Number of protein chains: 2
Amino acid sequence: MSMERIWKDQLYQEFARIGKCLSSPKRLELLDLLSQGPKSVDQLAKITGMSVANVSQHLQTLHESRLVRSHKQGNFVIYGLAELSVADFMVSLHRLGEKQLVEVQKLKSDILLNHVSMEPIALEELLERMHRGEVVLLDVRPKDEYATGHIPGAISIPMEELEKHLASLPADKEIVAYCRGPYCLMSAQAVEYLKSKGIKASRLEEGVHEWKRFVDSTTSNKEII
Amino acid sequence: MSMERIWKDQLYQEFARIGKCLSSPKRLELLDLLSQGPKSVDQLAKITGMSVANVSQHLQTLHESRLVRSHKQGNFVIYGLAELSVADFMVSLHRLGEKQLVEVQKLKSDILLNHVSMEPIALEELLERMHRGEVVLLDVRPKDEYATGHIPGAISIPMEELEKHLASLPADKEIVAYCRGPYCLMSAQAVEYLKSKGIKASRLEEGVHEWKRFVDSTTSNKEII
DNA sequence: CAATCATTCAATTGTTTTATTGAATAGATA
DNA sequence: TATCTATTCAATAAAACAATTGAATGATTG
């Protein structure tokens, strides 16, 4: 076998390690969760419904490919993305999946039918209307995820505390709720609840990383060659 | 199991199908090759050194995930990327791999040591100098890949025909050669050959898709929200 | 109409991966 | 020091995968 062949095989072998990480549904879910902020092993186990040992094993795999990293904090091992670019890559994967896989499109529209008339608001429209002061953006993720990063201007009320803080919401404005991204249903539940209380509300499908990619693509303005 | 859990599992199952495609080194190489233009099964088999049956099997996998598509042309089945966005996604994967995997960095620098003093020229610098008419950009890929898409201003001389067309190259300008991208060595071989003939030459690491992403990121200039 | 050719299919092999257990580790707490 | 607790490790069994081979397909060519 030629030198070049060996080199290419080794190189693609390496890239395939990242591919391997993405070949398991559970690992993809873990990466999506970690995109929102660092978490302990058993937090991840609880959210995903997997056994702790299983989560740990998947995290090892992700660690070997340098997609996540960890540190000890008291009794817990906290895992997080190794790089912000991993989150951005996950957005790329989601985009590609939604474009190529009819099944993804179907699954998404199916769930939105369950949540009545849940047409999401477009990111562009939202930012415009926020700017004009017409809407309030609501981040319904846990506090720590909000602290890790959120869309500027959003207020934080975690899903479980929504009822408690209902009164503090401005009555005259429309509420737009968002959560972890297109495959998280917390915002849908929030909108459903708000609507049931007679509050005008709609859902933003995008999460923090999708938002970030959007502003990056609209504000980059380097000089042309 | 809750409705939501089932939905999420199905959804991530779907995304994992794309991941599966990326988990095999051979399939990654096939995707990279198809990024350059459509090819028949046995063309791919010859380039990659795999058996035809094996290539066909991998192509089925890629086809099931809607990453490639095929059509018959005479006696041949021609495969190509299903969407240009697949090529762009591959660039994302390469980026992530180069950033996270030290092994990839090492493999790349190792091979460049073999090709003496082969520091690649930066894309930005190249475009500037091309614009000033200081350099000639040379596409050494096969003609059909050039026809599928090339960097504007590049001239096409496939690797094997380089010797034949040597005289037609402008003597006063520096030559910059490029090929399929960072993991293709044709351009390095071309530069080595040109240098051996006393022609000033250097290598562009980027290929068409990397170039495309670069111009997209520098020229996008929509108004800010 | 037979022969040829590129490709796919089917069956087989050996290898890898997954989820599941239960035990081991190593900090923190009492 | 003993006891928790969270996590990892190790061993297992079931499932999925990759590469190989040879046969089957199906269109084109002589």
Side-chain angles (χ1 to χ4, degrees), chain A residues 1 5-6 8-10 12-31 33-34 38-65 67-80, chain B residues 1 5-6 8-10 12-31 33-34 38-65 67-80:
Chain A
M1 195 155 37
R5 191 64 267 155
I6 294 170
K8 279 199 178 155
D9 284 351
Q10 288 176 333
Y12 281 107
Q13 187 71 254
E14 289 301 323
F15 284 113
R17 283 170 55 183
I18 294 184
K20 284 232 176 71
C21 289
L22 312 175
S23 71
S24 146
K26 299 295 186 186
R27 281 196 292 265
L28 290 176
E29 194 175 353
L30 291 175
L31 284 173
L33 284 168
L34 293 176
K39 296 190 171 41
S40 72
V41 179
D42 77 351
Q43 255 184 306
L44 291 167
K46 280 193 186 93
I47 302 178
T48 59
M50 297 190 251
S51 75
V52 172
N54 206 179
V55 171
S56 176
Q57 199 170 307
H58 281 305
L59 288 169
Q60 300 311 310
T61 309
L62 292 170
H63 188 80
E64 276 161 31
S65 304
L67 296 185
V68 305
R69 61 181 169 194
S70 64
H71 66 273
K72 273 213 117 168
Q73 199 173 87
N75 229 337
F76 297 81
V77 177
I78 308 291
Y79 279 86
Chain B
M1 196 159 29
R5 192 63 268 157
I6 295 170
K8 279 199 178 154
D9 284 351
Q10 289 176 332
Y12 281 107
Q13 186 70 258
E14 288 302 323
F15 284 113
R17 284 169 57 183
I18 294 184
K20 284 232 176 73
C21 288
L22 311 175
S23 71
S24 146
K26 298 295 186 187
R27 280 196 291 266
L28 290 176
E29 194 175 354
L30 291 175
L31 284 173
L33 284 168
L34 293 177
K39 297 193 171 38
S40 72
V41 179
D42 78 349
Q43 255 185 305
L44 291 166
K46 280 193 187 95
I47 301 177
T48 60
M50 299 191 248
S51 74
V52 171
N54 206 181
V55 171
S56 176
Q57 201 170 303
H58 280 306
L59 288 169
Q60 300 311 309
T61 309
L62 292 171
H63 187 80
E64 276 161 31
S65 304
L67 296 184
V68 305
R69 63 181 168 194
S70 64
H71 67 272
K72 272 213 117 167
Q73 199 174 87
N75 227 338
F76 297 82
V77 177
I78 307 292
Y79 279 85

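Numbered from 1 within each chain, the chains take letters A, B, ... in sequence-line order. Quick caveat: nothing in here was measured; it's all calculated off a predicted structure. Because only heavy atoms are used, hydrogens play no part in the values below, and waters and symmetry mates are left out as well, while side chains stay in.
The OG atom of B/Ser56 sits 11.0 Å away from atom NE2 of B/His63, with the distance rounded to the nearest 0.5 Å.
The separation between A/Met50 atom CE and D/dT8 atom P is 13 Å, rounded to whole Å. If you measure from atom CD of A/Gln13 to atom C1' of D/dA18, you get 12 Å, rounded to the nearest angstrom. When rounded to the nearest whole Å, the span between CD of B/Glu29 and P of D/dA18 equals 15 Å. One atom, NZ of A/Lys46, and another, C1' of D/dT7, lie 13 Å apart when rounded to the nearest Å. Residue B/Lys26 contributes atom NZ, which lies 12 Å from atom P of D/dA18 at whole-angstrom precision. A straight line from CG of A/Leu59 to P of D/dT7 spans 10 Å, rounded to a whole angstrom. Rounding to whole angstrom units, CD of residue B/Gln60 and C1' of D/dA18 are separated by 15 Å.
Among all heavy-atom pairs drawn from A/Cys21 and A/Arg27, the shortest one is O-NE, 3.1 Å. B/Ser23 and A/Ala16 make their closest contact through O-CB, 3.6 Å (heavy atoms, listed as atom of the first residue, atom of the second, distance). Nearest approach of A/Leu33 to A/Lys39, heavy atoms of both residues: O-NZ, 3.5 Å. Across A/Tyr79 and A/Leu34, no two heavy atoms sit closer than the pair O-CD2, 3.4 Å. In terms of heavy atoms, A/Ser70 sits closest to A/Val77 at CB-CG1, 3.8 Å.
Here A/Ser24 lies in heavy-atom contact (under 4.0 Å) with sugar-phosphate atoms only. As judged by a 4.0 angstrom heavy-atom cut-off over every strand, A/Ser40 is placed among residues touching the sugar-phosphate backbone only.
Two residues, B/Gln57 and A/Lys20, neighbour DNA chain C, and the one matched to the more 5' nucleotide by heavy-atom proximity is B/Gln57.
If you check residues 69-80 of chain B against DNA chain C, the residues with a heavy atom closer than 4.0 Å are B/Asn75, B/Phe76, B/Val77, B/Tyr79, listed by number.
Partner B/Leu30 forms a side chain to side chain contact (heavy atoms under 4.5 Å, CB included) with one of B/Ile47, B/Val68, B/Thr48 and no other, that one being B/Thr48.
One N or O on the side chain of A/Thr61 and one on the backbone of A/Gln57 form a donor-acceptor pair closer than 3.5 Å.
The pair B/Lys26-B/Glu29 fails the salt-bridge criterion, with no side-chain N (NZ, NE, NH1 or NH2) lying under 4.0 Å from an Asp/Glu carboxylate O.
If you walk DNA chain C from 5' to 3' and mark each nucleotide with an atom closer than 4.0 Å to a heavy atom of chain B, the marks span C/dC5 to C/dC9.
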